[in-house]
Amino acid sequence: MKKIIGLKYLETLRDFKKRMKQNSPETNMELENCLVDDYEVSTSCDGMVRKPTGVIYNNDMLRHKCVWDSRYPENPDRYSAIIQRIREQGLFDECKLIDVLRKFDKQLPATVIAQLEKLKNICEKFHPLETEKVASKYDAIYFNEHTYDSTLTALYSTLSLVKNIAEGVIQNGLAIVRPPGHHAQKDNFNGYCFINNVGCAAHYLLETQKLKKIMIIDFDVHHGQGTQQMFYKDNRVLYFSIHRYENGLFWPNLRESSFDYIGEGPGVGYNINVPLNATGLGDADYMAVLTHILLPIAYEFQADMILFSAGYDACIGCPEGEMCVSPGFYGHMIKLLSGVAEGKLAVILEGGYFLPSLAEGVSMTLRALLDDRPAVLPPLGQAHKEVRQMINNIKCVLHEFWGCFKVYNRYDLEDSGMKDIIHHVVIKYFGKEFTPPFETRNCYPVMSAAVYEKCSNFIEDLKQYYGEFKRNKVCYGYDDDMGLHMDESNAIETPARLQAVYERFKELELDKRCVKIDIPELSGEEWAKKTHITSYVTQLTVEGYVPTAQSNDMYWNPKGSKISILKAVNTVLSVTDAVLSGNFASGVAIVRPPGHHAEPSKSLGFCYLNNVAVAARYALDTFNLEKILIVDFDIHHGNGTQKIFYDTERVLYLSIHKYEQGTYFPSTQDGSSTKTGRGLGTGYNVNVPFNSSRAQEKMGDTEYLNAFCRIVLPIAYQYAPELVIVSAGFDAGVNDLLGNYRVHPETFGHMIQLLRSLAGGRLIVSMEGGYNTTTLKHSMNFCVKALLGDPLPRLKIEMPKLHAYKAFEEVIDIQKEFWSILNVDKHLPDRLSGLALKEEDVEVLISRYGRKPSNEVNVSESVASEVSSMLKNISLMHD
C-alpha cells in the first residue's frame, strides 16, 4: 500500500526495507533496527476475523470396552456422557462438524506405525482369557476386538481437527476421542493409552503442515510421560504439564515427572512439569500456576498452535484425581489462553472418570472455544502451601531459560543474612516404579455412595448456576456530537481522535458485527451530580463556563463543549445499561472528551466529567452491584477516579501508569503504590507506578503483559467483580505525543482479552486518552476485536525491564496485606538446596497412596468437605 502525497507516491516503510535488502544483502543491522514499522502488525491483520469452532467425534470409539471388568473407569460411558451433555445445550448446532479423514498413514512416525501394527495383531487374535494375559504385560491396559479400530479413529479424529485449524477452515476445536493417548510411549501401551494422539498431532503439524512451534498443555491429573518422552530433546515443542505427583507416590510414579526434568539438549527449558504434592487442590491453586508460570511462558514462546491434552480427572468428584477443580475453571483456562497462538487451540480429550464433572468440564471447555460468556467463579484466595512452593521451584530451575523468570533476583544460598528468608529448592522422590505382571481387574479407586451423591448434587447445582449457552454480543455507543468540543489553540485532544477511531471501526466493518445502541438523554447530568460535587456539575453545565484552571489541556467552546461532555457521559451510561440489562455481553464507548482525571469538584487533563466513574455509580445504584473493578491503563494516573472511590470497597480501582516519583502528570503523590484506599476502601485502590524515564527503560508490551499476569489478574480473581469497566487510554502506545512508551496497538487487545474471563464476561471499554491518532485508532479497534473474540496477532515478549520488575515487587509487597492471592513469590536461591530421595517410610506412604486399593477403598472424605465449602461460596455469590 502506498500513500499519495501530491502527485507522487511515497514508499511505505515495508517496501523501502524490502528494496534496501535487495540492493544490499548486507544491510546494516543498525539501519534495519531504525526502520521499524510500528504499525506493520496493525495494518497486516485486518483479515484476522474469528472463524467457526470445530468439533469432531465418531461413535466407532464406543466399541472399545473392557470385557473382563465392566466397572473399568475408561469406558464408553465417558464418551456418551459428554455427547449427551453437549446435545442438551445445543452446542453441536453452534459448531462446524469435522469429518474424520483416514489418509494420514504416510504422516505418522515409524514408531507409531509399528505400535499400530502390534495393536492390530493383538486385536485380531482377541480371546478374553488369553488377551487378558497379554494386557497384564502393560500397566492399566485392556483390549477387545475393536480396540485397534477405536484407537485409529481417535488418532485420525485428532489429526483431522488440527489439520482443519492449521489450514484455516476453523478457528479452534474439540476432539471428543477415546481411548486417550498421552501415556502411550513409542514402544509401550500404558495407562489406558495405545497411541499418543496429541504427540502425533504435534509431529504432523511440524513435519507436514510446516508449523514452527507447538505448545502442548496437559492438564490431565496424571503426568503425560509419553508426550514428554516424545519431545524431550526438541525445542520446537514446549510441553507443559500440571499433574498430581505427591513426590512420586501418585501414578505413574516416575522420577521424570518432577519439576527438575526440564528437557535435554536443544530441548532444555522446553519441558515444564508442575507436580502437585497435595490433594483437594482447586481453582485458586490452578489459577496461581496459570498466572505465574503458564501464561507468561505461553506469551513468551508464542506457539503457532496450542494443543491441549484435556483430562478432567482433576475436576470435582473424580476418584482418580481427588482434586477440586470446578468445571467452569476449564473455560477460564481456555479463555485466558485464547489470546495466544492467534487463537488456534485444539482440545483433545484425555482422562476424566467422574461422569457428571467430566461432561460438564468438557461442556464448559467447548463453550469457551465458542466464545460464550465464562462462568462466574467464587473469589479465589491464596494457593496451597505446596503449590506456592512448587511455583518457586519452577521459577528457580527455569530461571536461565525464560525472560519472565530471568528478571527475578537470585540470592546466595550461603549468605547468612538471607538464610531465614530464602526459598529452598529440594527435590523429593519417594516413588517406586512397578513392573509386570500388572493387575487387570479391580485396580482403581472406588467412591463411596455418600461422596458420589454429594459430588453429583454439587455438579447439578453448578449446571443450574452456569446457565445455558449465550451467543457473544457486543454493543457500542458513538455520536458525532462528541466532536463539537473543539478549540483551534488545542492540537492534542481534538475531534480528530474520535473521527480516526470511528473511521477505522467502519473500515474493519466492526459496525456490522457490533450493535449500535441509541443514546437517549439518560439524565447524565443527574448521575454526574451523584458522582461529582453538585455545585461543580451545575456550574459546568452552564453555557459560557470557563474552567478556572485555564491551561493548554483545558478549554471551553460555548457552542459545543457542553453538548459533547454530556453526550460522552450519556454514551457510557447507555452502554453500561445495555450490558447490565443482559442484552449484551460487553460494550464499547467511543467517546471524548476523556474523563478519568476529573475530580469530584475539579476538571483536569482534558477531562470535565468522569465518564467511567459516573457509569460505575449508575451501576452500583441502579443494578445494586456490590463489586465493580475499574482497570485504568491510560499512561496518566486516573487521579479523579481514585478520589471518587477512595473510601469504598464496592469499587476496586487498579491503575497502571507512568509516575516518575510523582513528577509525571498529574504530578501528585496520588499515583504512588502506597495509596491503598481509606476507611472501608482500604485495600481497594491498587496503583502500579513506573518510575524510569531513561530511553532504554521505556515500558512496552512485555512490561504491561507482566503487570497483568502478576498483579491485575490475581487481584481481580480474588475480588471477583460483577462488572469490569476499562478506562482505555492509549497514550502508553508507540509514538504517542505525550506518553513516550512502547506499547503496540495489538497489546491493548491482548489486555482486554485477559479481562474477558472476569465478571461473567460483563466488560465495558470506555475510551480515555491517546494522542497519536494512528496508534489510537488501531489500539481502540483491537480492543473491540478482542471483545468480539477475534484472533489477536502474536506479541514479541522478552525479559521485563528492571524498573518494571522493581515496581511489581513494590506493589506486591504492599498489596499482599489485602490480597492473599499475591503471597506466592519468595527469594529465589542460586542453586538447589538438596535432595530427599530416601527410602525410609516409603512403605508407610505407599500403603496410603498405593497402586492396588481394594474395592472398599474410598475417595478421601476431605474432597467432599472441599465440595461443601465451594458450594457455600457459589450459593453466597448466587444470592
Side-chain angles (χ1 to χ4, degrees), residues 61-78 111-112 114-152 154-155 178-197 220-227 229 244 248-257 311 313 319-321 350-353 431-446 842-843 846-857:
M61 291 178 281
L62 284 168
R63 299 191 295 171
H64 169 63
K65 58 185 177 182
C66 184
V67 297
W68 55 75
D69 186 349
S70 61
R71 298 196 309 167
Y72 213 89
E74 206 299 289
N75 61 59
D77 291 344
R78 300 176 60 244
T111 54
V112 170
Q115 286 294 93
L116 281 171
E117 188 63 27
K118 181 167 69 173
L119 180 61
K120 184 178 181 181
N121 290 334
I122 293 172
C123 295
E124 286 178 344
K125 300 175 183 178
F126 176 76
H127 181 280
L129 292 178
E130 294 301 319
T131 307
E132 186 173 3
K133 292 179 182 178
V134 175
S136 70
K137 299 178 182 178
Y138 304 98
D139 192 356
I141 285 291
Y142 65 82
F143 307 93
N144 75 353
E145 65 268 38
H146 303 296
T147 298
Y148 171 76
D149 293 332
S150 294
T151 298
L152 208 56
L155 174 59
R178 63 171 294 272
H182 69 146
H183 297 307
Q185 299 153 58
K186 64 180 181 180
D187 58 356
N188 189 34
F189 307 138
N190 185 263
Y192 311 152
C193 303
F194 301 93
I195 299 297
N196 197 312
N197 302 316
D220 190 283
V221 82
H222 304 93
H223 180 235
Q225 80 276 25
T227 312
Q229 292 166 12
R244 180 176 166 188
L249 293 171
F250 187 68
W251 197 89
N253 310 97
L254 301 176
R255 171 73 178 86
E256 67 197 61
S257 303
D313 32 12
E320 295 212 8
E350 298 283 0
Y353 306 99
K432 175 183 176 183
E433 294 188 39
F434 292 80
T435 57
F438 296 96
E439 290 197 16
T440 56
R441 305 180 186 218
N442 303 323
C443 50
Y444 40 80
V446 177
V842 169
E843 292 302 322
I846 288 180
S847 69
R848 177 186 173 193
Y849 303 106
R851 293 285 311 286
K852 305 170 183 177
S854 70
N855 288 339
E856 306 307 318
V857 174

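Residue numbers start at 1 and run along the sequence shown.
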Minimum side-chain heavy-atom gap [X]-[Y] below 4.5 Å:
X: R178; Y: S150; result: no
X: E132; Y: F143; result: no
X: E350; Y: H222; result: no
X: E433; Y: L254; result: yes

Which pair of heavy atoms, one from [X] and one from [Y], lies closest together, and at what distance?
X: S136; Y: P436; answer: O-CB, 4.1 Å
X: G311; Y: D220; answer: CA-OD2, 3.3 Å
X: I141; Y: A135; answer: O-CB, 3.3 Å
X: A154; Y: P179; answer: CB-O, 4.0 Å
X: T227; Y: N196; answer: OG1-ND2, 3.1 Å
X: Y148; Y: L116; answer: CE1-O, 3.4 Å

Task: Residue pairs, two or more places apart or on separate chains, that pass salt bridge (Lys or Arg N to Asp or Glu O under 4.0 Å) and touch residues 116-131 - done: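 Salt bridge (Lys or Arg N to Asp or Glu O under 4.0 Å) check on residues 116-131 returns E130-K133.
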Task: N144: side-chain contact (heavy atoms from CB on, under 4.5 Å) partners, not counting sequence neighbours - done: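 Only H64, K65, V67, F126, H146, T147 meet the side-chain contact (heavy atoms from CB on, under 4.5 Å) criterion with N144.
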Open item on the list: Restricting to side-chain contact (heavy atoms from CB on, under 4.5 Å), what partner residues turn up for C66, sequence neighbours left out?
Closed with: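 Only W68, D69, Y72, Y142 meet the side-chain contact (heavy atoms from CB on, under 4.5 Å) criterion with C66.
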Task: Sequence-distant partners of D149, salt bridge (Lys or Arg N to Asp or Glu O under 4.0 Å), two or more places apart - done: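 D149 satisfies salt bridge (Lys or Arg N to Asp or Glu O under 4.0 Å) with R63 once adjacent residues are dropped.
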List the atom pairs, with distances to 0.1 Å, where a side-chain N or O of residues 185-194 and a protein N or O form a donor-acceptor pair under 3.5 Å, not counting sequence neighbours.
from: Q185; atom 1: NE2; to: H183; atom 2: O; distance (Å): 3.4
from: N190; atom 1: OD1; to: Q225; atom 2: NE2; distance (Å): 2.8
from: Y192; atom 1: OH; to: E320; atom 2: OE2; distance (Å): 2.7

Open item on the list: Using a 3.5 Å distance criterion without hydrogens, assess whether the side chain of D313 forms a donor-acceptor pair with backbone atoms of G351.
Closed with: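 Checking the backbone N and O of G351 against the side chain of D313, no donor-acceptor pair under 3.5 Å is found.
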Open item on the list: Tell me if a side-chain donor or acceptor on R78 pairs with a main-chain N or O of G352 at a distance below 3.5 Å.
Closed with: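 Confirmed, R78 side chain pairs with G352 backbone.
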- [ ] Would you please test E256 and Q229 for side-chain contact (heavy atoms from CB on, under 4.5 Å) and show each step?
- [x] CA-CA 9 Å; E256 67 197 61; Q229 292 166 12; 2.8 Å; yes
- [ ] Mind checking ring pair (Phe, Tyr, Trp, His ring centres under 6.0 Å) for H182 and listing every partner two or more places apart, or none if nothing turns up?
- [x]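 Scan of H182 (ring pair (Phe, Tyr, Trp, His ring centres under 6.0 Å), adjacent residues dropped) gives none.
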